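As the structure is a computational prediction, the values presented were derived from the model and not from experiment. The figures here come from the full heavy-atom set of this structure, side chains too, leaving out hydrogens, waters and symmetry mates.
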Amino acid sequence: MASEVLSFVSCRQALLARVRAAQPAFLQLLTGPRQVGKTTLLLELAGQFPQRAVYAAGDDPDASLPGFWERKWAEAERLAAAAPAILLLDEVHQFPDWAAQLKSFWDRARRQKLRLHVIATGSSALRVLTGSRESLAGRFERLELTHWPAAALAEVFDLTPVQAIQEVVAHGGYPGAVRLAADEARWRAYVLDAIIEPAIGRDVLALGSVRRPALLRQVFALAASAPAQIVSLQKLQGKLQDKGALATVANYLRLLQDAYLVAPLERYSPQLRRRRAAPPKLVVLNNALITAIHAGGAPDRAHDPALYGQWVENACLAFAVNQGQRVSYWREEPREIDAVFEGSWGNWAVEVKTGGFESQDLIALFEFCRRYRKFQPLVLTAPGREQDARNRGAAALSWEAFLLSGPPEG
């Protein structure tokens, strides 16, 4: 079943509406990156409905005790026999045989016509989706809590729009790290220990399909060191200390995408064969992951504008991916454009220009739109340079405005 990609606030509103329904229609599976607020949402629901909710965490030490799962279900069923109740299962993939157990208890609750809403989360979306597809087909709706965009940071943390944008570019959008940004050492330790290591060391490796963990870590490190760059698998392979077959490197990039870390973008082409034969463009899905492994931290806009522009382009493309758009790039030597967006935002051919630009810098953009007429040209400019692009016939928006609200209405 397709997922709904939601911000923290939208996800909270959606879950509240569903648990207030008299009868549950489906199980609710909430997936998404680590440290974006899934546990916080469950605890908020538990606090809002203290007489109706039962909370259980799969990573609780007591969860390994015999009968823990059964006791929580019995408590929830007892509440549901008298009034609508909610069972909140956090880190559900940590429970032994969780998918089969969940199917059995859910089916029993449905047969008994119990008014029992069930919401389950998993920081390992890979394991949750694998189990749900095998055992829970037709029984669940999936909500995907995405990486936090600038607008969400501004709303929840009372930041100005400019502060939120700067935060997303320099330190990403993990809510737990926002208060640590002033202390670079603490912030980096949090991202490495609470996000990167669990995602790679536990979530991906737990699937059992990674036979060379050291190679997986190297692939991630190299991808994070080349944000918004087109890198051939051969070139990526050549930089690895622990050499692996090209198919293995490509598979590890796909696993990193499933873990919400890196998206290897395909080249845009109507022909599937040409898309898959082209080298990927590597987009790191949260700029925190780039800054955390970059020795110098986030680049300074004034002293290193080119590197800062790379961070900005990655943030823009990651925002589009995280918002559920299909994102690719286009290159036919010697012409290249930064991104192609397809989805609910409309169809856009996109160039990101954080500095000055001339008419010849947009030749590839207009050539792409000439060949593929469903796309509109869009230039994301430095603030104050929007009219330069409009005068040349393209839609324009500052990259700062884009990171707050997405592209203009088509």
- Message: So which atom in A63 and which in A57 form the shortest heavy-atom distance, rounded to 0.1 Å?
- Response: CB-O, 3.6 Å

- Message: Restricting to salt bridge (Lys or Arg N to Asp or Glu O under 4.0 Å), what partner residues turn up for E266, sequence neighbours left out?
- Response: R275

- Message: Please check this pair: side chain of N314 against backbone of Q310, looking for a donor-acceptor N/O pair closer than 3.5 Å.
- Response: no

- With no hydrogens and no angle check, do the side chains of D90 and Y55 hold a donor and an acceptor under 3.5 Å apart? yes

- Item | Heavy-atom closest pair, residues D338 and K281 | O-NZ, 2.8 Å

- Message: According to ring-ring contact (aromatic ring centres under 6.0 Å, His included), who are the partners of F220, at least two apart in sequence or on a separate chain?
- Response: none

- Item | Smallest separation among heavy atoms of L289 and Y174, with atom names | CD2-OH, 3.8 Å

- Message: Can you tell me if D158 has over 12 outside heavy atoms packed within less than 6.0 Å of its CG?
- Response: no

- Any side-chain heavy atom of K353 within less than 4.5 Å of one from R385? no

- Quick one: closest heavy-atom pair of A315 and V168, and the distance? CB-CG1, 4.4 Å

- Query: Have Y190 and Q35 got a donor and an acceptor in their side chains that come within less than 3.5 Å?
  - Reply: yes

- Is it the case that D97 and Q101 place a side-chain donor and acceptor less than 3.5 Å from each other? no

- Message: Does Q51 have more than 12 heavy atoms from other residues, nucleotides or ligands lying within 6.0 Å of its CD?
- Response: no

- Task: Check whether any side-chain heavy atom of Y260 lies under 4.5 Å from a side-chain heavy atom of N286, and answer yes or no.
- Result: no

- Item | Check against side chain to side chain contact (heavy atoms under 4.5 Å, CB included), C11 and L30 | CA-CA 9 Å; C11 190; L30 177 59; 3.5 Å; yes

- Query: Taking 4.0 angstrom as the limit, do D258 and R254 come out as a salt bridge?
  - Reply: no

- Validation row: V350, I337 side chains within 4.5 angstrom (heavy atoms): no

- Query: Quick one: are L285 and V262 in side-chain contact, heavy atoms under 4.5 Å?
  - Reply: no

- Message: Return the CG to CZ distance between D59 and F95, rounded to the nearest 0.5 Å.
- Response: 8.5 Å

- Task: Assess the side chains of E91 and T121: does a donor N or O sit below 3.5 Å from an acceptor N or O?
- Result: no

- Decide yes or no on side-chain hydrogen bond (donor to acceptor under 3.5 Å, both in side chains) for Q323 and T146, but give the supporting numbers first. CA-CA 7 Å; Q323 294 300 307; T146 187; 4.7 Å; no

- Side chains of E155 and V9 in contact at under 4.5 Å (non-hydrogen atoms): yes

- Item | Pairing residues for R186 by the salt bridge (Lys or Arg N to Asp or Glu O under 4.0 Å) criterion, not counting sequence neighbours | none

- Task: State plainly whether the residues R142 and E144 are in salt-bridge range, i.e. N to O under 4.0 Å.
- Result: yes

- Item | Closest approach of W399 to V169 (non-hydrogen atoms, all atoms of both residues) | CZ3-CG2, 3.9 Å

- CA sep, side-chain torsions, deciding dist, call: L240, V219, side chain to side chain contact (heavy atoms under 4.5 Å, CB included): CA-CA 7 Å; L240 296 169; V219 170; 4.2 Å; yes

- Query: Under 30°, 30 to 60°, or over 60°: which ring-plane class applies to F157 and W148, parallel, tilted or perpendicular?
  - Reply: tilted

- Message: Apply side chain to side chain contact (heavy atoms under 4.5 Å, CB included) to residues K239 and Q218 and explain how you reach the verdict.
- Response: CA-CA 9 Å; K239 293 182 177 181; Q218 289 175 42; over 6 Å; no

- State, with a plain yes or no, whether a side-chain heavy atom of V340 is found less than 4.5 Å away from one of L265. no

- Note on the structure: Looking only at heavy atoms, the pair that brings A263 and V321 closest together is CB-CG1, 4.4 Å

- Note on the structure: Partner of V210 under side-chain contact (heavy atoms from CB on, under 4.5 Å), picked from V204, N251, L215, is V204

- ring pair (Phe, Tyr, Trp, His ring centres under 6.0 Å), paired with F375, selected from F368, W348, F366, W345: F368

- Basic-acidic side-chain contact under 4.0 Å: E400, R301: yes

- Task: Could I get the full list of side-chain contact (heavy atoms from CB on, under 4.5 Å) partners for P280, not counting sequence neighbours?
- Result: L233, L253, P264, L282

- Knowing that exactly one of L6, L145, L41 qualifies, which makes a side-chain contact (heavy atoms from CB on, under 4.5 Å) with R12? L41

- Message: I need the Y372 OH to W330 CH2 distance, nearest 0.5 Å.
- Response: 7.0 Å

- Note on the structure: Interatomic distance, CD@Q229 vs CG@L236, rounded to 0.5 Å, equals 12.5 Å

- In this structure, which one of D107, L27, L87 forms a side-chain contact (heavy atoms from CB on, under 4.5 Å) with L102? L27

- Output, in order, the C-alpha distance, side-chain angles, deciding distance and verdict of side chain to side chain contact (heavy atoms under 4.5 Å, CB included) for L255 and Y252. CA-CA 5 Å; L255 289 177; Y252 286 178; 4.1 Å; yes

- Message: Between F105 and W73, is the ring centroid distance below 6.0 Å?
- Response: yes

- Message: With salt bridge (charged side-chain N to carboxylate O under 4.0 Å, His left out) as the criterion, how do R371 and E367 come out once you've worked through the C-alpha distance, each side chain's angles and the decisive distance to 0.1 Å?
- Response: CA-CA 6 Å; R371 296 190 193 185; E367 174 60 21; 2.8 Å; yes

- Task: Find out whether E336 and I230 are in side-chain contact, i.e. whether some heavy atom of one side chain is under 4.5 Å from a heavy atom of the other.
- Result: yes

- Look at E332 together with R267 and state whether they make a salt bridge at an N to O cut-off of under 4.0 Å. no

- Message: Could you tell me if the side chain of W69 sits less than 4.5 Å from the side chain of L89, heavy atoms only?
- Response: yes

- Task: Please round to the nearest 0.5 Å and tell me the distance separating atom CG of L159 and atom CD of Q166.
- Result: 10.0 Å

- Pairs where residues 277-307 contributes a residue and the test ring pair (Phe, Tyr, Trp, His ring centres under 6.0 Å) is met, not counting sequence neighbours: H294-W311

- Message: I need the L256 CG to L216 CG distance, nearest 0.5 Å.
- Response: 5.5 Å

- Note on the structure: In this structure, CZ of F49 is separated from CG of L45 (nearest 0.5 Å) by 6.5 Å

- Message: The criterion is side-chain contact (heavy atoms from CB on, under 4.5 Å); which residues satisfy it with E197, sequence neighbours excluded?
- Response: R217

